[in-house]
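Taking it in order: structure first as structure tokens, then the write-up.
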Amino acid sequence: MDKDKTVMNQEALIASKIIKIREERVLLDVHLAEFYGIETRALKQAVRRNRERFPDDFMYELTETDIEDVVSQNVIPSKRHFGGAVPFAFTENGVAMLSSVLNSKMAIDINIAIMRTFTMLRKAWLQNQEILKEILEIKKKLKNHDKNIELVFNYLDELLEGKEKQEPRRKIGYKLPEKGK
């Protein structure tokens with residue numbers, strides 16, 4: 001039970017560090033190094049030694065604009081947080097590739113947790129898309145209902161206006177003779 005809580009806490013922490021840059025979910029090198037319990041410099045060094053394992057769709061260096069976006073998203077407090085180095089952003093595939101570069105037991109455990117977190121987020125996103133689709137369908141139906149209700153009220157108004165314009169109808173049926181005649 002405590003192990004499950006620890007895993008959930010770990011996955012929640014990982015999920016809080018996953019950010020969106022260039023329309024893609026990524027983890028920054030500074031956060032990954034923190035998870036692995038190593039210095040950011042050591043992580044970058046391992047990646048640079050194995051650069052052929054990290055194509056641009058696995059890992060890329062942030063541009064100045066990317067860094068400003070990260071700061072504005074409050075992911076990091078300021079540019080100084082990076083210590084002057086240009087940060088790396090790792091996609092889900094890049095994080096998976098890190099497991100081949102970092103071979104410690106802790107790195108393997110962390111990678112498993114990160115992969116599970118990415119999967120969990122993808123499932124949540126897909127579920128949210130389905131809910132959004134249902135909401136849009138409901139809104140469309142409600143819009144049609146509003147039009148139909150408005151149409152009914154218009155017909156009722158027309159009937160009431162027509163009734164007011166009618167002359168009083170002559171009563172039909174048996175008439176009692178008036179008294180006194």
Side-chain angles (χ1 to χ4, degrees), residues 1-140:
M1 178 97 168
D2 286 337
K3 186 177 180 183
D4 289 343
K5 278 188 178 181
T6 303
V7 169
M8 285 177 56
N9 288 340
Q10 188 178 37
E11 289 176 358
L13 177 63
I14 292 167
S16 73
K17 301 295 182 181
I18 295 174
I19 60 172
K20 199 168 193 178
I21 301 176
R22 301 180 191 176
E23 297 302 313
E24 191 159 27
R25 294 183 193 327
V26 297
L27 279 166
L28 298 178
D29 56 5
V30 66
H31 297 136
L32 284 166
E34 182 183 317
F35 296 148
Y36 294 130
I38 60 175
E39 292 182 24
T40 307
R41 177 182 53 80
L43 178 96
K44 286 182 170 190
Q45 193 174 46
V47 170
R48 284 191 180 112
R49 282 190 199 129
N50 296 281
R51 188 65 177 110
E52 68 280 355
R53 292 179 185 236
F54 297 94
D56 291 341
D57 59 326
F58 281 32
M59 186 274 307
Y60 54 86
E61 289 186 19
L62 297 185
T63 64
E64 191 64 32
T65 305
D66 294 332
I67 293 171
E68 289 173 15
D69 288 344
V70 169
V71 172
S72 70
Q73 289 179 36
N74 294 322
V75 175
I76 58 167
S78 69
K79 290 182 191 180
R80 290 189 308 246
H81 186 74
F82 294 120
V86 177
F88 290 167
F90 291 85
T91 64
E92 183 176 355
N93 291 330
V95 173
M97 187 58 74
L98 274 175
S99 65
S100 67
V101 174
L102 305 172
N103 290 320
S104 71
K105 170 72 172 128
M106 183 177 185
I108 292 168
D109 292 342
I110 293 295
N111 269 31
I112 290 169
I114 292 171
M115 293 298 104
R116 285 181 176 149
T117 304
F118 269 110
T119 302
M120 175 191 66
L121 290 174
R122 190 172 22 268
K123 285 179 183 177
W125 183 80
L126 288 173
Q127 188 176 22
N128 285 342
Q129 291 300 99
E130 289 174 17
I131 291 170
L132 182 62
K133 184 179 174 183
E134 287 178 24
I135 288 172
L136 292 175
E137 287 176 15
I138 290 170
K139 281 184 175 181
K140 186 177 177 182

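Just so you know, residue 1 is the first one in the sequence shown, and it goes up from there.
Interatomic distance, CZ of Arg116 versus CG of Leu121, reported as 14.5 Å (0.5 Å rounding). Here the straight-line distance linking atom OG1 of Thr91 with atom CE of Met97 works out to 10.0 Å at 0.5 Å rounding. Rounded to the nearest 0.5 angstrom, Met115 CE and Asn93 CG are separated by 7.5 Å. To the nearest 0.5 Å, atom OG1 of residue Thr40 and atom NE2 of residue His31 are 9.0 Å apart. Atom CG of residue Leu62 and atom CD1 of residue Ile21 lie 4.5 Å apart, to the nearest 0.5 angstrom. Once rounded to the nearest 0.5 Å, the distance linking OH of Tyr60 with CG of Asp66 reads 6.0 Å.
Taking 4.5 Å as the limit, some side-chain heavy atom of Ile67 sits within range of a side-chain heavy atom of Pro87.
Taking each heavy atom of Glu24 and Asp57 in turn, the nearest pair found is OE2-O, 4.5 Å. Taking each heavy atom of Ile114 and Leu27 in turn, the nearest pair found is CG2-CD1, 3.7 Å.
A donor-acceptor pair is defined here as one N or O able to donate and one able to accept, closer than 3.5 Å; such a pair exists between the side chain of Lys44 and the backbone of Val86. With hydrogens and angles ignored, the 3.5 Å screen pairs no side-chain donor or acceptor of Thr117 with any backbone N or O of Ala15.
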*After noting the C-alpha distance and the side-chain angles of Phe90 and Leu43, does the key distance pass the side chain to side chain contact (heavy atoms under 4.5 Å, CB included) rule?*
CA-CA 12 Å; Phe90 291 85; Leu43 178 96; 4.1 Å; yes
*Please lay out, stage by stage, how Phe88 and Leu32 fare under the test side chain to side chain contact (heavy atoms under 4.5 Å, CB included).*
CA-CA 10 Å; Phe88 290 167; Leu32 284 166; over 6 Å; no
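Under the side-chain contact (heavy atoms from CB on, under 4.5 Å) criterion, Ser16 pairs with Leu13, sequence neighbours left out. For the side-chain contact (heavy atoms from CB on, under 4.5 Å) test, residues two or more places apart in sequence or in another chain that qualify with Ile135 are Ile131, Lys139. Partners of Arg53 by salt bridge (charged side-chain N to carboxylate O under 4.0 Å, His left out), not counting sequence neighbours: none found. Shown here are the side-chain contact (heavy atoms from CB on, under 4.5 Å) partners of Ala46, two or more places apart in sequence or in another chain: Val101, Leu102. For Arg51, the side-chain contact (heavy atoms from CB on, under 4.5 Å) test picks out Phe54, Asp56, Met59, with sequence neighbours left out. Partners of Glu39 under the salt bridge (charged side-chain N to carboxylate O under 4.0 Å, His left out) rule, at least two apart in sequence or in another chain, are Arg41.
Around the CD atom of Glu137, the shell of radius 6.0 Å holds more than 12 heavy atoms that belong to other residues, nucleotides or ligands.
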